[in-house]
Amino acid sequence: MIIFRNQLELKKYLQIGTLSKSPIGFVPTMGALHAGHLSLLEKCNEICSISVCSIFVNPTQFNNPEDFKKYPITIEKDILLLEENDCDVLFLPDEKEIYPDGVISKKHFDLGYLEKILEGKYRPGHFQGVCQVVEKLLNIVEPGFLFLGQKDFQQCMVIKRLIELMHKNIQLIICPILREESGLAMSSRNLRLNSAERKTAAELHQALVSINNDLSENNLFALKNKALKILENSGFIVEYLELAKRNTLELVSDFKNKQEFIILVAAFLHEVRLIDNLLINP
């Protein structure tokens, strides 16, 4: 694995020789890697001739400065994991490399209602920050394929919109959520949970499964309320628990069997904010 910290050197490497004729796969991350990230890299290696991974904790997508300060950093472990899992190239820039003129951006990305609902509603400015960094990374790497995880489903849809706005010929591959044995969705933020909290955190997935198992055309409201009470009694502060159309993320208040849906949740367990989702009628 070759590590680059300078974007010009990376671009030159990717553009020269036979590499310029090969499909490049890109897995952007903020580090603190786990098996979920590695599953993206595995899929990337299946499809592409060269795999590029980036590690950059992007300050502009944190609407809570304390959350940014507490984000787990495990660079040495991350590098070892990437080497062991056949990553070809790691881009490891610092903040000045990505934002040489500072983090304040005058550019606004037209994301429509996607940044006004769910994550957009509760994390104002978050998706503008995501687009700010992903646009830069895509212009540096110029991949043919981009690999993202389903856990951040709304972010996947935002980046799909960004690719359209950039007029890039990039194929977005959304890979399934990897879970711990308890059902807890793998996440870098899980490192901030103690053993008791990890056990409780698994109830997020259990709540989604319970709704899915009993969902019919007339009981969504009751099922949501039941799940909310269970989560709140377990110590969660729930921001949202919603059913949406999978292809548009349009929120819905009723369920029709013939449509494809996704149910999404975000909640705080003490100081740690967790998200999860479950596909309905996959």
Side-chain angles (χ1 to χ4, degrees), residues 34-40 42-43 113-114 117-123 147-158 160 172-190 192-270 272-282:
H34 50 71
H37 294 110
L38 299 179
S39 72
L40 304 183
E42 181 181 4
K43 189 66 175 179
Y113 69 93
L114 283 174
I117 60 170
L118 304 174
E119 293 296 289
K121 177 181 178 180
Y122 287 94
R123 302 182 68 186
F147 298 84
L148 302 175
Q150 179 196 314
K151 184 178 73 69
D152 297 291
F153 188 82
Q154 187 174 2
Q155 179 170 286
C156 291
M157 296 195 68
V158 164
K160 179 181 178 181
L172 175 60
I173 307 293
I174 301 175
C175 299
I177 298 173
L178 256 63
R179 299 185 180 278
E180 299 179 7
E181 287 186 13
S182 64
L184 176 63
M186 291 186 179
S187 170
S188 302
R189 295 175 189 272
N190 294 352
R192 295 176 56 192
L193 300 170
N194 61 36
S195 57
E197 289 170 333
R198 284 179 96 94
K199 184 176 180 180
T200 302
E203 294 185 25
L204 270 186
H205 178 58
Q206 294 167 14
L208 300 184
V209 171
S210 68
I211 292 174
N212 181 38
N213 288 344
D214 297 326
L215 193 57
S216 68
E217 292 198 13
N218 300 309
N219 67 354
L220 175 61
F221 182 76
L223 289 176
K224 282 176 56 177
N225 281 343
K226 180 181 178 181
L228 285 170
K229 288 179 181 178
I230 292 172
L231 291 174
E232 288 168 356
N233 288 339
S234 296
F236 288 94
I237 299 176
V238 181
E239 289 190 331
Y240 63 78
L241 176 61
E242 297 288 354
L243 186 71
K245 294 181 181 179
R246 198 189 310 174
N247 60 337
T248 64
L249 214 61
E250 176 189 350
L251 302 185
V252 297
S253 57
D254 59 355
F255 173 74
K256 300 185 186 302
N257 257 326
K258 293 183 180 180
Q259 296 188 44
E260 292 187 337
F261 292 98
I262 183 169
I263 189 163
L264 309 101
V265 65
F268 278 94
L269 184 58
H270 303 145
V272 183
R273 186 177 187 273
L274 301 169
I275 63 173
D276 202 349
N277 63 72
L278 186 67
L279 301 179
I280 310 297
N281 290 345

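None of these values were measured; they are calculated from a predicted model. By convention here, the first residue in the shown sequence is residue 1.
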Non-neighbouring partners of Y113 that pass side-chain hydrogen bond (donor to acceptor under 3.5 Å, both in side chains), sequence neighbours left out: none
So, taking the atom named CE in M157 and the one named CG in L172, what distance separates them when rounded to the nearest 0.5 Å? 10.5 Å
Taking the side chain as everything from C-beta on, heavy atoms only, tell me whether K226 gets closer than 4.5 Å to I230. yes
Does a side-chain heavy-atom distance below 4.5 Å link H205 with L278? yes
Tell me the closest heavy-atom pair linking M186 and G36, and the distance in Å. SD-N, 3.8 Å
What pairs with H34 under ring-ring contact (aromatic ring centres under 6.0 Å, His included), at least two apart in sequence or on another chain? H37
Does I117 offer a backbone N or O that forms a donor-acceptor pair with the side chain of Q154 under 3.5 Å? yes
Step by step, would you call L208 with L241 a side-chain contact (heavy atoms from CB on, under 4.5 Å)? CA-CA 9 Å; L208 300 184; L241 176 61; 3.7 Å; yes
With sequence neighbours excluded, what pairs up with L243 under the side-chain contact (heavy atoms from CB on, under 4.5 Å) test? L220, V252, F255, F261, I263, I280
Quick one: CG on L178 to NZ on K151, what's the gap to the nearest 0.5 Å? 12.0 Å
Salt bridge (Lys or Arg N to Asp or Glu O under 4.0 Å) contacts touching residues 235-244 (sequence neighbours left out): K224-E242, E239-R273
So do the side chains of D254 and K256 get within less than 4.5 Å of each other, counting heavy atoms only? yes
Quick check for you: to the nearest 0.5 Å, what is the distance between D152 atom CG and D276 atom CG? 10.5 Å
Are Q150 and N277 side-chain neighbours, meaning at least one heavy-atom pair lies under 4.5 Å? yes
Could you give the distance from CD (Q155) to CG (L118), rounded to the nearest 0.5 Å? 13.5 Å
Please name all residues satisfying side-chain contact (heavy atoms from CB on, under 4.5 Å) with A244, sequence neighbours left out, ordered by chain then number. L249, L251, I262, L264
Against V272, only a single residue in N194, L193, N190 fulfils side-chain contact (heavy atoms from CB on, under 4.5 Å); can you say which? L193
Salt bridge (Lys or Arg N to Asp or Glu O under 4.0 Å) pairs, two or more places apart, involving residues 192-204: D67-R192, E180-R198
Nearest 0.5 angstrom please: L274 CG to F268 CZ, how far? 9.0 Å
How long is the gap from CD1 on I275 to CZ on F153, to the nearest 0.5 Å? 12.0 Å
If every non-hydrogen atom of I211 is compared with every non-hydrogen atom of A227, which pair is closest and at what distance? CD1-CB, 4.0 Å
Set of side-chain contact (heavy atoms from CB on, under 4.5 Å) partners for E250, sequence neighbours left out: K245, T248
For a quick test of reading the model, state the closest non-hydrogen atom pair linking C175 to L40 and the distance between them. CB-CD2, 3.3 Å
Do T200 and F236 come close enough that some side-chain heavy atom pair is under 4.5 Å? yes
Looking only at heavy atoms, the pair that brings A266 and E119 closest together is CB-OE2, 3.7 Å
Taking side-chain contact (heavy atoms from CB on, under 4.5 Å) as the definition, give me every residue that meets it alongside S216, ordered by chain and number, with sequence neighbours left out. N219
